[in-house]
2 protein chains.
Amino acid sequence: MPRKIEKDAALEHALTLFWDHGYRGTSMDMLTSTLGVEKPSIYASFGSKQALYLAALAQYRSWLIGWVQRSLRDAPSARAGIDRTVRLMMARSSRKSRKGCFATNSALELADHDPLVLKEVRTTFAQLVAVFVTAVQAAQADGDVRSDRAPQLLAQLLVNAIEGARIMEKSRAVNGHGAAMADLILCLLDRH
Amino acid sequence: MPRKIEKDAALEHALTLFWDHGYRGTSMDMLTSTLGVEKPSIYASFGSKQALYLAALAQYRSWLIGWVQRSLRDAPSARAGIDRTVRLMMARSSRKSRKGCFATNSALELADHDPLVLKEVRTTFAQLVAVFVTAVQAAQADGDVRSDRAPQLLAQLLVNAIEGARIMEKSRAVNGHGAAMADLILCLLDRH
DNA sequence: ATACTTCTATACCGGTCGGTACATCACACT
DNA sequence: AGTGTGATGTACCGACCGGTATAGAAGTAT
């Protein structure tokens, strides 16, 4: 059934499954039982397991970028949006669970051996950095963020810290320093 | 052949293989051909694929902690050791390849579903933070690191930044900001 | 009602997985 | 030389993998 709405719903379920168990840890049988669709229908709609995975990864990217853009915008100032977003993404229990970042999971499991996954992951991180670059530039124009460093550098630093935090969160190694670490990182944006 | 020296060499080869391809991506056939030992010998020495993986993970932990301890110590001061170590671990091409951190790989691939792996990964990160805590405390005593923040927080921040950088490095998303980011992070340690 | 078309689901394919039974072989001791 | 012992490698096991051929069900036009 190639109706787009059902395809999107199936993609979301597939994303959840791949997110939890990885690519190799998710079998077609798990997919059929979770999506409620049998294998031939999946192959008719997506072509292969890898194509389904790539589609789920692309959906994750658009969801993530959209979420971050909205979070950055819904604030009284560019700097306030940055602070709010970084705190939310670095805080331990803010996400629905400690699943980490799906793009990171994909990068570690497959990027070394699958050029398509590598390309998609690079795009995801590039867009994520780009969104933060825009916000940092606006905050710099407002005088709320130091201007002696390139916005690209500061944005990359924020993304770095966020991804690092989501790793540590997954290993339950963070004791509760999440919020304090976010505050400290954000101090780096202050004018000296 | 249960001689320890050969077991250690086999473990190192297994570690390389698991590091490159992950747990599920490494088959017993790959292990036998790389270790130069047939399957029954592997099972006689380690018991199972999972046990072999855990042993490799433990060897990685001792290697990593030892390396960091040595790097922190081989410097004229505690602060200099911290700077040197963080710069080395965050710099893109310093590692032999962009394989990332094996503990992180394990955490993302298996920690959610294998409590033994989770425990080992938690221990690894806890020891890594502990090593940095010791260094930060010494540097604080020297007056080379701000004392208005807990050493645990600062150490966790450093490990966070390092792990984040090693993720981004794997996706080739960092453009060359690695060294600049390390410098910026290290500024956070300065007395205000 | 019947013939035709379209989507679904069962059943199966070759290949590979982790793990093991067993035959073989090298070697020490008498 | 003969015999016992322990490690090695081959050959195989059932289970499961991703993917597909094909039978069956549901709906529509006539």
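Just so we're on the same page: letters track the sequence lines, and every chain starts at 1.
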What's the [atom1]-[atom2] distance between [X] and [N], to the nearest Å?
X: Leu52(A); N: dG19(D); atom1: CG; atom2: P; result: 10 Å
X: Asp29(A); N: dG19(D); atom1: CG; atom2: C1'; result: 12 Å
X: Gln50(B); N: dC17(C); atom1: CD; atom2: P; result: 19 Å
X: Ile42(B); N: dT20(C); atom1: CD1; atom2: P; result: 13 Å
X: Met28(B); N: dT20(C); atom1: CE; atom2: P; result: 10 Å
X: Lys39(B); N: dG18(C); atom1: NZ; atom2: C1'; result: 7 Å
X: Arg24(B); N: dG18(D); atom1: CZ; atom2: P; result: 11 Å
X: His21(B); N: dC17(C); atom1: NE2; atom2: P; result: 12 Å

Min side-chain heavy-atom separation Phe18(B)-Met30(B) under 4.5 Å:
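A side-chain contact under 4.5 Å is absent here.
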Look at the side chain of Lys49(B) and the base of dG18(C), then say whether one donor and one acceptor between them are separated by less than 3.5 Å.
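Not at all, since no donor on one side and acceptor on the other fall under 3.5 Å apart.
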Within the 3.5 Å criterion, strictly below it, is a donor on Tyr53(A) or Ser106(A) matched to an acceptor on the partner's side chain?
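Judged by distance alone, the side chains do pair up.
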If you look at every strand shown and take non-hydrogen atoms under 4.0 Å, does Thr26(A) touch a base, only sugar-phosphate, or nothing?
sugar-phosphate
Passing option when Thr104(A) is tested against Glu109(A), Arg166(A), Glu163(A) for side-chain hydrogen bond (donor to acceptor under 3.5 Å, both in side chains):
Glu163(A)
Just one of Ile65(A), Leu15(A), Asn105(A) clears the side-chain contact (heavy atoms from CB on, under 4.5 Å) bar with Tyr60(A), so which one?
Leu15(A)
Are the charged groups of Asp183(A) and Arg87(A) less than 4.0 angstrom apart, N to O?
yes
Got a second to check how far Asp148(A)'s CG is from Leu154(A)'s CG, nearest 0.5 Å?
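It is 8.0 Å, given to the nearest 0.5 Å.
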When the nearest nucleotide of DNA chain D is assigned to Glu38(B) and to Tyr23(A) on a heavy-atom basis, which residue is associated with the more 5' position?
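Looking at DNA chain D, the more 5' nearest nucleotide goes with Glu38(B).
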Check: residues 133-142 of chain B side-chain donor-acceptor pairs under 3.5 Å, at least two apart:
unit_1, atom_1, unit_2, atom_2, d
Thr134(B), OG1, Ala130(B), O, 3.1
Gln140(B), NE2, Arg146(B), O, 2.9
Gln140(B), NE2, Arg149(B), O, 3.1

Can you give one letter per nucleotide of nucleotides 21-27 of chain D, 5' to 3': B if a protein heavy atom sits under 4.0 Å from the base, S if only from the sugar-phosphate, - if neither?
B------
